[in-house]
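Before any comments, here is the structure.
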Amino acid sequence: MTQDPGGREVDVEIRWVEAFLAVAEELHFGRAAARLRMAQSPLSQTIRRLERELGTTLFDRSTRSVALTPAGHAFLPHAYRVFEELELGRQATRASDGVVYGTVSIGFSGALNHHTLSPLTRAVRQRFPGVTLALTGRVMTREGVEQVERGSLDIAFVGLPIDPSPVRTRLVASEPLGVVLPVDHPLAGEPDIDLADLADEGFVTTPEAGGSALQQAAMRACVHAGFRPRVVQEVTDAFLILTLVSAGVGIALMATSIAEITPTGAVFVPLRGESTCMHHGIAWLADNPSPVLSAVLDVAHEVLPSPG
């Protein structure tokens with residue numbers, strides 16, 4: 001039993017929903033039929049049965065194209081939810097036998113998480129070989145929080161604090177910021193640097209519009225030092241920032257752990273005086289009923305305890 005786009009309860013078979021999703025994702029009956037390993041004619045008949053039961057047209061069809069109608073777009077999230085509930089049911093039955101099984105999707109920024117992501121993924125794979133980790137890189141904080149809210153990610157590595165949100169967060173690490181300089185920079189050989197001495201430099205940062213916690217922490221540090229940084233390049237990938245610094249494009253403020261992976265052509269130098277820290281956290285939805293997510297969060301509590 002499910003609901004049509006108008007909220008009316010209708011009897012719909014799972015295989016009809018599966019056929020609808022295949023066509024909705026492929027937007028081509030031939031490719032959808034091949035994906036479902038059936039002929040195109042039975043697939044078309046299945047879609048027509050579903051449309052008759054729902055009392056609406058789900059696809060605009062022509063000889064050249066297939067497109068979702070407004071009703072099709074409205075039905076799509078409900079169709080996905082049917083299969084999400086089936087997967088949760090499978091996970092629950094396996095969990096009742098003591099077996100943790102399923103998929104957890106994790107978003108992370110990249111190089112900034114090399115101290116936090118790898119311990120978690122190694123521990124999960126060792127403890128729960130039946131769990132698949134679907135990893136998505138280059139996810140900045142705001143995007144990660146939004147994807148967790150929507151359910152497209154189960155866990156996101158984020159910078160803290162975050163804007164008001166229904167997601168839950170937990171601090172997993174805090175690191176002071178330092179500066180990455182080209183090796184031929186006049187201050188590259190110093191044991192530490194006063195950030196105010198870099199006020200005239202060009203900075204390479206993550207995009208402000210992307211809601212990057214690193215960018216926000218770097219901005220706070222510069223303002224505290226008495227200046228606003230002159231940004232010469234914005235990129236979403238932290239390791240690409242290091243590459244651009246090594247190429248002489250500019251300098252960058254980065255968390256201390258980056259010193260271990262600084263590429264040839266760049267050096268990491270600590271900042272002198274009171275430090276501005278980058279606070280790393282994980283975010284998840286507390287009402288996500290997935291047993292496998294709960295198991296992964298338990299592992300995260302063990303291998304990534306909150307500092308202090």
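No experiment lies behind these values; they were computed from the predicted model shown.
- Between F227 and F203, the ring planes lie tilted relative to each other; the angle falls in the 30° to 60° range.
- Using modelled atom types, one finds no donor on one side chain facing an acceptor on the other under 3.5 Å when comparing E175 with H115.
- Salt bridge annotation for E18-R35: absent, with no cationic side-chain nitrogen under 4.0 angstrom from a carboxylate oxygen.
- Think of L285 as one node in a network of Ile, Leu, Val, Met, Phe, Trp and Tyr side chains linked at under 4.5 Å; its network also takes in V139, V145, V148, L153, V158, L160, I162, V167, L171.
- In terms of heavy-atom proximity, L21 sits nearest to A79 at CD2-CB, 3.7 Å.
- Judged purely by distance below 3.5 Å, without hydrogens or angles, the side chains of T205 and Q215 never pair a donor atom with an acceptor atom.
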Side-chain donor/acceptor pairs under 3.5 Å, residues 264-273, sequence neighbours excluded:
unit_1: R272; atom_1: NE; unit_2: D192; atom_2: OD1; d: 2.9
unit_1: R272; atom_1: NH2; unit_2: D192; atom_2: O; d: 3.0
unit_1: R272; atom_1: NH2; unit_2: D192; atom_2: OD1; d: 3.0

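- A single hydrophobic cluster is not seen to contain both M219 and L177; linkage of ILVMFWY side chains at heavy-atom distances under 4.5 Å, directly or through other members, places them apart.
- At least one donor-acceptor pair under 3.5 Å links the side chain of H114 to the backbone N or O of A111.
- Using modelled atom types, no side-chain atom of N113 and backbone atom of T116 make a donor-acceptor pair closer than 3.5 Å.
- With no hydrogens or angles considered, a side-chain donor-acceptor pair links S165 and E149 at under 3.5 Å.
- Ring pair F59/F20 is tilted by interplanar angle, where 30° to 60° counts as tilted.
- Checked for salt-bridge contact, R61 and E51 meet the test: a charged N lies under 4.0 Å from a carboxylate O.
- Between S109 and R138, the side chains place no donor N or O within less than 3.5 Å of an acceptor N or O (distance only, hydrogens not considered).
- With hydrogens and angles ignored, the 3.5 Å screen pairs no side-chain donor or acceptor of S212 with any backbone N or O of T206.
- Proximity of a side-chain donor or acceptor of R170 to a complementary backbone N or O of A300 within less than 3.5 Å is detected.
- Nearest approach of W284 to D154, heavy atoms of both residues: CB-O, 3.5 Å.
- The shortest non-hydrogen separation linking L253 to L214 is O-CD1, 3.7 Å.
- Residues S65 and S62 have side chains that bring a donor and an acceptor to within less than 3.5 angstrom of each other.
- With 3.5 Å as the limit, one finds no donor-acceptor pair spanning the side chains of D60 and T69.
- Checking side-chain atoms of T141 against main-chain N and O of G159 turns up a donor-acceptor pair under 3.5 Å.
- In plain terms, the two heavy atoms of P307 and A173 that are nearest each other are CD-N, 4.0 Å.
- Across every non-hydrogen atom of P207 and V235, the tightest pair is CD-O, 3.4 Å.
- For the residue pair H185 and E201, a side-chain donor N or O sits within less than 3.5 Å of a side-chain acceptor on the partner.
- With T256 contributing its side chain and P176 its backbone, the two residues share a donor-acceptor pair below 3.5 Å.
- Summarising the local packing, CG of D287 is surrounded by more than 12 heavy atoms from other residues, nucleotides or ligands at distances under 6.0 Å.
- For the residue pair H279 and S174, a side-chain donor N or O sits within less than 3.5 Å of a side-chain acceptor on the partner.
- Listed by chain and residue number, L187, I193 satisfy the side chain to side chain contact (heavy atoms under 4.5 Å, CB included) test with E190 (two or more places apart in sequence, or in another chain).
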